[in-house]
Colleague: 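Handing you a structure now.
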Amino acid sequence: GFVQDFVMQERVHIVGSVTVCPSSTEHYSLNAPCADRGCSWTHSGKAEATLAPDGSGITLHFTSSGIDTLALLHQGECGISADTMFITALPLPVASLGDDLEVCSTASVVLDAGGNFGSYQWQDGSTQRRYTATSPGLYWVTVTNAMGCSATDTIRILDRDARVILNLGSDTSLCPDDVLVLRAPEGLKRYHWQDNSTEPTLTIHDPGIYFVEVETDCGAILRDTILVGRIDLAVQASGDTALCYGASTELSASGALSYT
């Protein structure tokens, strides 16, 4: 008689996650040693694949949702075995706080990150679905679904009055017959000039102190003042004179910046 030894070889299979999140990196290996480069990996799909130098595993970087296929051929003592894995990259959750907003600085805005998420994380660490913003600034939230996939959205809340700049300009002077138009920002709630006019612009012909008070849509009061002087042109030329034929004389004038 004789004794025959039987070597029972465990079935070779791929080890790794079959469900992943986009923008994640996963490593796949097999449940048995891969001696003497006896493993051959084949990948198809959207993920970026990086094979280990000794062939013992493969790393996949997922950038979008979809299904990737990973196949393995293993050369062992008892022959060739194979395994195939189908990997599903789930769609990312959608976090949406909406478009950037312009509001009055005293207004409160309730931001809603949406429902059906496992968790919420706001910029200040709060974890509720809704967040009340009480001042202008940058706000963001990260939502995570039941599968552990996360997404982030950001919203900027702006002070509506910050874009209102009231500036009548530097003090200046007018020449005779000059006209100067003073302009306040258009589209405001109220205008009040020193002469009680209520339009965004004021046309002036004379020197003086001019000022305007405006009220924004949010109720802020802004004021500005400008001093307008007068440039007096007192030009003097030399007096009348008599010349003999063929003689010359010099004429002079003063009191101006240029002469023609």
Side-chain angles (χ1 to χ4, degrees), residues 1-100 111-131 138-156:
F2 62 91
V3 177
Q4 184 174 2
D5 293 331
F6 292 94
V7 178
M8 300 299 294
Q9 177 174 299
E10 181 183 1
R11 181 180 178 275
V12 173
H13 62 269
I14 301 171
V15 178
S17 300
V18 296
T19 304
V20 300
C21 297
S23 301
S24 66
T25 299
E26 304 288 338
H27 182 71
Y28 296 87
S29 58
L30 66 159
N31 65 326
C34 188
D36 298 326
R37 300 182 180 274
C39 298
S40 175
W41 296 87
T42 303
H43 164 258
S44 63
K46 297 179 180 179
E48 301 174 1
T50 303
L51 185 65
D54 60 359
S56 60
I58 190 171
T59 299
L60 299 182
H61 176 61
F62 298 90
T63 57
S64 60
S65 60
I67 298 177
D68 284 56
T69 303
L70 196 58
L72 169 68
L73 287 177
H74 176 259
Q75 177 68 55
E77 295 180 358
C78 298
I80 297 176
S81 57
D83 189 24
T84 300
M85 176 181 285
F86 297 98
I87 306 164
T88 300
L90 300 172
L92 278 176
V94 178
S96 179
L97 297 178
D99 297 330
D100 292 347
L111 304 176
D112 191 339
N116 301 322
F117 297 118
S119 66
Y120 303 83
Q121 183 80 21
W122 293 89
Q123 76 289 330
D124 65 350
S126 59
T127 57
Q128 302 302 312
R129 168 180 170 175
R130 295 178 178 86
Y131 183 90
L138 190 66
Y139 298 86
W140 65 88
V141 65
T142 298
V143 299
T144 303
N145 62 19
M147 299 302 299
C149 300
S150 299
T152 300
D153 194 31
T154 300
I155 186 172
R156 188 181 301 275

Colleague: Are any non-hydrogen side-chain atoms of F62 and E26 less than 4.5 angstrom apart?
Modeller: yes
Colleague: Answer yes if the side chains of H13 and D83 hold a donor-acceptor pair under 3.5 Å, and no otherwise.
Modeller: no
Colleague: Closest heavy-atom contact between L30 and H74?
Modeller: CD1-CD2, 3.6 Å
Colleague: Within the structure provided, determine whether L72 and C39 are in side-chain contact (heavy-atom separation under 4.5 Å).
Modeller: yes
Colleague: Taking atom OG of S44 and atom CZ of F86, what is their separation to the nearest 0.5 Å?
Modeller: 8.5 Å
Colleague: Check whether any side-chain N or O of Y28 sits under 3.5 Å from a backbone N or O of S17 as a donor-acceptor pair, and report yes or no.
Modeller: yes
Colleague: Side-chain contact, heavy-atom cut-off 4.5 Å: T19 with L90?
Modeller: yes
Colleague: Does D68 pair with K46 as a salt bridge, N-O distance under 4.0 Å?
Modeller: no
Colleague: What are the two closest heavy atoms between T84 and A71, and how far apart are they?
Modeller: OG1-CB, 4.1 Å
Colleague: Any heavy-atom pair between the side chains of H43 and T69 that's under 4.5 Å?
Modeller: no
Colleague: Please give me the minimum heavy-atom distance between S64 and A89, naming the atom from each residue.
Modeller: O-CB, 3.4 Å
Colleague: For a quick test of your reading: what N or O donor-acceptor pairs under 3.5 Å do the side chains of residues 140-153 make, sequence neighbours left out?
Modeller:
{"from": "T142", "atom 1": "OG1", "to": "T152", "atom 2": "OG1", "distance (Å)": "2.7"}
{"from": "T144", "atom 1": "OG1", "to": "S150", "atom 2": "OG", "distance (Å)": "2.8"}
{"from": "N145", "atom 1": "OD1", "to": "M147", "atom 2": "N", "distance (Å)": "3.1"}
{"from": "N145", "atom 1": "OD1", "to": "G148", "atom 2": "N", "distance (Å)": "3.2"}
{"from": "N145", "atom 1": "OD1", "to": "C149", "atom 2": "N", "distance (Å)": "2.9"}
{"from": "D153", "atom 1": "OD2", "to": "L97", "atom 2": "N", "distance (Å)": "2.6"}

Colleague: To the nearest 0.5 Å, what is the distance between CG on L60 and CG on L70?
Modeller: 5.5 Å
Colleague: Please determine, by modelled atom types, if D124 and Y131 share a side-chain donor-acceptor pair under 3.5 angstrom.
Modeller: yes
Colleague: Checking D100 now: which residues fulfil salt bridge (Lys or Arg N to Asp or Glu O under 4.0 Å) with it, not counting sequence neighbours?
Modeller: none
Colleague: Determine whether L138 and T154 satisfy the following criterion, side chain to side chain contact (heavy atoms under 4.5 Å, CB included), listing intermediate values before the conclusion.
Modeller: CA-CA 7 Å; L138 190 66; T154 300; 3.3 Å; yes
Colleague: Looking at G55 and W41, what are the two nearest heavy atoms and their distance?
Modeller: O-NE1, 2.8 Å
Colleague: For a 4.5 angstrom cut-off between non-hydrogen side-chain atoms, does I58 reach T50?
Modeller: no
Colleague: How many angstroms lie between atom OG1 of T25 and atom NE2 of H61, to the nearest 0.5 angstrom?
Modeller: 5.0 Å
Colleague: Minimum heavy-atom separation for W122 to Q128, with atom names?
Modeller: NE1-O, 2.6 Å
Colleague: Examine distances only and state if a side-chain atom of Y139 and a backbone atom of L111 form a donor-acceptor pair shorter than 3.5 Å.
Modeller: no
